[in-house]
Amino acid sequence: QVQLLESGGGLVQAGGSLKLSCAAQGRTDMRLYMGWFRQAPGKERRFVAAISWSGGITNYAESVKGRFTISRDNAKNTVYLQMDSLKSEDTAVYYCAGDITYRDSRVAKTSSEYAYWGQGTQVTVSS
């Protein structure tokens with residue numbers, strides 16, 4: 001089993017930055033591909049960014065390209081989401097997700113491709 005714990009959410013003004021962290025615990029000997037999703041009030045959970053186990057492949061939603069950066073430090077079993085130039089429409093609960101892979105290049109953009117989820121962290125951007 002893998003447990004994911006997000007941190008770093010909060011309240012920020014539009015144009016500001018936040019950095020989210022997602023620490024994996026449990027079966028950290030397994031290779032995980034990871035992703036971030038978000039869910040705004042009254043809306044479906046949506047893909048934000050994904051990263052392969054090696055970190056060499058990343059994928060972003062169009063709405064965050066050029067503003068958000070996903071990265072990972074496998075020595076710390078942690079994935080990050082650096083969010084810059086934040087907008088009010090980025091306000092949501094952000095969820096970290098992961099699943100086991102045997103391919104270093106695997107990335108995933110749909111929630112059904114992830115078995116493990118964090119509890120979520122609130123990001124609020126004030127305009």
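- With Met34 as the fixed residue, the side-chain contact (heavy atoms from CB on, under 4.5 Å) test singles out one of Val79, Ile70, Thr78: Val79.
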Would you please test Val93 and Thr121 for side chain to side chain contact (heavy atoms under 4.5 Å, CB included) and show each step?
CA-CA 5 Å; Val93 177; Thr121 185; 6.0 Å; no
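- Atom CG of Leu86 is separated from atom OG of Ser127 by 12.5 Å, given to the nearest 0.5 angstrom.
- In this structure, the side-chain contact (heavy atoms from CB on, under 4.5 Å) partners of Val107, at least two apart in sequence or on a different chain, are Ala50, Ser52, Ile57.
- With sequence neighbours excluded, the residues that form a side chain to side chain donor-acceptor pair (under 3.5 Å) with Gln119 are Glu6.
- Separation of atoms CG (Leu81) and OG1 (Thr69) is listed at 8.0 Å; rounding is to 0.5 Å.
- Among residues two or more places apart in sequence or in another chain, the side chain to side chain donor-acceptor pair (under 3.5 Å) test is passed with Arg67 by Asp90.
- What you find for Trp53 and Met30 is that their closest heavy atoms are CZ3-O, 4.1 Å.
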Given Arg38 and Thr91, is the side chain to side chain contact (heavy atoms under 4.5 Å, CB included) satisfied, shown in steps?
CA-CA 9 Å; Arg38 67 186 181 186; Thr91 294; over 6 Å; no
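- In this view, Tyr95 satisfies the side chain to side chain donor-acceptor pair (under 3.5 Å) rule with no residue, not counting sequence neighbours.
- Summarising the geometry, atom OG1 belonging to Thr58 is positioned 11.5 Å from atom CZ belonging to Arg72; distances are rounded to the nearest 0.5 Å.
- Ile100 has its side chain within reach of Leu32: a pair of non-hydrogen atoms, C-beta onward, lies under 4.5 Å apart.
- Residues in residues 102-127 take part in these ring-ring contact (aromatic ring centres under 6.0 Å, His included) pairs, two or more places apart or across chains: Tyr33-Tyr114, Phe37-Tyr114, Phe37-Trp117.
- With values rounded to the nearest 0.5 angstrom, Arg106 atom CZ is found 15.0 Å from Ile51 atom CD1.
- With values rounded to the nearest 0.5 angstrom, Asn77 atom CG is found 12.5 Å from Leu5 atom CG.
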Enumerate, atom names and distances included, each donor-acceptor pair closer than 3.5 Å involving a side-chain atom of residues 12-27, sequence neighbours excluded.
from: Ser17; atom 1: OG; to: Asp84; atom 2: OD1; distance (Å): 2.7
from: Arg27; atom 1: NE; to: Asp29; atom 2: OD1; distance (Å): 3.0
from: Arg27; atom 1: NH2; to: Asp29; atom 2: OD2; distance (Å): 3.0

Which is it for Val123 and Val125 under the side chain to side chain contact (heavy atoms under 4.5 Å, CB included) test, yes or no, and what are the steps along the way?
CA-CA 7 Å; Val123 172; Val125 184; 4.2 Å; yes
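- One distance of note links CZ of Phe47 with OH of Tyr60; it measures 9.0 Å at 0.5 Å rounding.
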